[in-house]
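What follows is a short report on a single structure.
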2 protein chains.
Amino acid sequence: MKRKITLKHIARELGVSISTVSKALKNSEEIGSDTKEKVQAFAKLYNYKPNNIAISLKNKRTKNIGVIIPDIVHHFFTTVFRGIEKYANAKGYNVIVCVSDESFDKEVINMELLANGSIDGFIMALSSGTQLKNDYNHLKEVTEQGIPLVLFDRVAEDIKCDKVIINDKKGAYNAVNKFIKDGRKKIALITSEDYISVSRERAAGYKEALLDNGIAYDEDLVLKFPSMEINEKLIEDFFERETVDAVLSVNEIFAIHSMRYVQSKGLKIPKDISFIGFTDGLLSKYASPGLTAIAQHGEEMGEIAAEILIDKIENDMEEETYVTRVLEPTLIERGSTVN
Amino acid sequence: MKRKITLKHIARELGVSISTVSKALKNSEEIGSDTKEKVQAFAKLYNYKPNNIAISLKNKRTKNIGVIIPDIVHHFFTTVFRGIEKYANAKGYNVIVCVSDESFDKEVINMELLANGSIDGFIMALSSGTQLKNDYNHLKEVTEQGIPLVLFDRVAEDIKCDKVIINDKKGAYNAVNKFIKDGRKKIALITSEDYISVSRERAAGYKEALLDNGIAYDEDLVLKFPSMEINEKLIEDFFERETVDAVLSVNEIFAIHSMRYVQSKGLKIPKDISFIGFTDGLLSKYASPGLTAIAQHGEEMGEIAAEILIDKIENDMEEETYVTRVLEPTLIERGSTVN
DNA sequence: AAAAACAACTAAAACGTTTTCGTAAATTAT
DNA sequence: ATAATTTACGAAAACGTTTTAGTTGTTTTT
């Protein structure tokens, strides 16, 4: 087993001091050219690579960024992650991922763990547990220590930090407008409880679009799931109870299940009923018919978040100015709506 | 901004030495109980948390594990990742992810970067670039440095390390057997080029099952994609050319596209033609009809990989004994096959 | 009362770097 | 020949820990 070689080894072997080796490898002007050559040749021969940990300790910079997301097996989050990873890597940063599993406690634990020197900054989407509890002290503590934080997608108003979100409200608004333009009259919304920030925004857009078009908001046409978990029974009950000609869903899963159910009841999509779902993921693309979707541009979101974060890390001017970047959603039309 | 407090600060503030503080916080017997109390109270008050980087440098242990996967926006890999993360986190480890993007070069770069002290061990699936190039020197170098490595799913015979795979051959074998049991005669295989280890194995299982059942292997019934990228044209050509009554696909995407194409041609699934696809992901579950799938148990695979790795990290006996854990695939029957 | 034992603490090295400040020898200037 | 400058290098501190090996001063033993 070849152990990793250090500056000290090189110094001892070549009969020079550690400082000389360090400087020689950095091509410092201070060192004579023959010594430099000797050291560099030796280092190359033994494949010397500086120890990241030692460097981190020295500069108090780890070149790691911490990403905390509620779930990794989730198309949107992985898409964002890809954007983060892409940008970060290009800038020489590595990414440490922790999964909060939608739990407040795990989010706190992971964050505290990473905050003790392991990372230079955080990018995260709040867990539903955290949004439900509405407790952001762990975030406050981190930012108070001067660790930059960028929130994406699932954010909270009262946290002072940079944010990257999409205009969820507008996405919903546009979707409902499209339904109305297509002549739909009874437009349902399938969503989760309001404590999820994005669901709240989407619900607001849905409502506003209805009202702006002179359609009354009818609470009976809104199906609210208590969590992000699917519950077939609620879907069946809803469609047995209500007769609608368009459905806006805050996620793909709810939409796909609903489509299947109404299809099993003999309804034709999009003739009898149209569907639009948030998050343009694999399911939307491969459903039959394809699900018209509101794309959230996850990769771009990730890149922007990483860009903002790394900028903060590398130029940490003390001024506390925070930006919120709002991305515009895009409607991807597929077979589940008429065109 | 509250800066992070260190042992030195506490020591200075309390008029004791750094060693005393360190020991007091570890409840050492060496320290008097009043001093201990004083130190602990102070540490608690100022929320002292030891610096991970300093500890890493000291014990030459980072409590980080490096995961390198070809793609993060990929259901199977994220499932494995979830298993890794779950187990690692429970053992107090963090996970640094790098995405090789199916590229040999990126794999090498990421690996070298992490190997310089950032991690205690690697878990990875080979990029297709690496499998194509068949060059594993970067892996060899890492293991020679005594860094444990566990390969999963995409492995290579001649790398000496621990491995976790599923029995891909058997998965394909069982699928083809099921087709034959259902009376299918012309069974197609949709796959990628053989340099991807899992595709090779699956193709072997396909062939073996045919031969064992007295059916000749017909190369014309095998559609090989040059990469993992989908190419609609190849699918169309294939199904125009060949008439088959069953299709085994090495992944979901190929299967779903094929299903859609034959459906558009008026064929009924599973009456006229059956489908089975590898990787039981979201698409299989939500396709119509649902795609019968060979489940790869990703999460379990991840957990096992992490378990093996962490065991190696924590008890690094010098003996070079490597295990290969082979998980059994499971056939998840859905509407794309008769039952 | 001297020796031994013990309690409670500290100094210093170590992990692997980087960087500041010295310093000796060699060179140049006077 | 002496002073000033430059060249080429090394010592040591620093980052924040942990740990070994002292070092006090007090208590126990004989």
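Any value given below was found using the heavy atoms of this structure, including those in side chains, with hydrogens, waters and symmetry copies removed. Note that the structure is predicted; figures quoted are calculated from it, not measured. Just so we're on the same page: letters track the sequence lines, and every chain starts at 1.
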Sugar-phosphate, base or nothing in reach of Ser19(B), heavy atoms under 4.0 Å: base
Base dT10(C) paired with Lys23(B) side chain (donor-acceptor, <3.5 Å): yes
Closest nucleotide among dG10(D), dT17(C), dC15(D) to the Leu57(A) side chain: dC15(D)
Below 4.0 Å: OP1/OP2 of dG16(D) and any side-chain N or O of Thr6(B): no
Separation of atom CG in Asn59(A) from atom P in dA14(D), rounded to whole Å: 16 Å
Ion pair Asp71(B)/Arg82(A), N-O distance below 4.0 Å: yes
Any N/O donor-acceptor pair, Lys58(B) side-chain to dT17(D) base, under 3.5 Å: no
d(CD1, Ile10(A); C1', dT17(C)) in whole Å: 12 Å
Gap between atoms CZ and P, on Arg12(A) and dG10(D) respectively (whole Å): 15 Å
Nearest-Å distance for atom pair CD1/P, residues Ile5(A) and dG16(C): 12 Å
Side-chain (Lys160(A)) to main-chain (Thr143(A)) donor-acceptor, under 3.5 angstrom: no
Between dA14(C) (P) and Leu7(B) (CG): distance, integer Å: 20 Å
Aromatic plane relationship, Phe76(A) with His74(A) - under 30° parallel, 30 to 60° tilted, over 60° perpendicular: perpendicular
Selection from dT17(D), dG16(C), dT19(D) that lies nearest to any side-chain heavy atom of Asn51(A): dG16(C)
Side-chain donor-acceptor pair present, Thr20(B), Ser17(B), cut-off under 3.5 Å: yes
Spacing between Lys8(B) atom NZ and dA12(C) atom P, to the nearest angstrom: 15 Å
Between Glu102(B) and Ser127(B), a side-chain donor and acceptor under 3.5 Å: no
Whole angstrom value for the distance that separates P of dC9(D) from CD1 of Ile18(A): 16 Å
Sugar-phosphate, base or nothing in reach of Thr35(A), heavy atoms under 4.0 Å: sugar-phosphate
Distance test, side-chain N/O of Lys60(B) to OP1/OP2 of dG16(C), below 4.0 Å: yes
Phosphate contact (dT18(D) OP1 or OP2) by Ser22(B) side-chain N/O below 4.0 Å: yes
Selected nucleotide, minimal atom distance to Glu30(A) side chain, candidates dC21(C), dG16(C), dT17(D): dC21(C)
Rounded distance (Å) that lies between atom C1' of dA11(D) and atom CD1 of Ile31(A): 13 Å
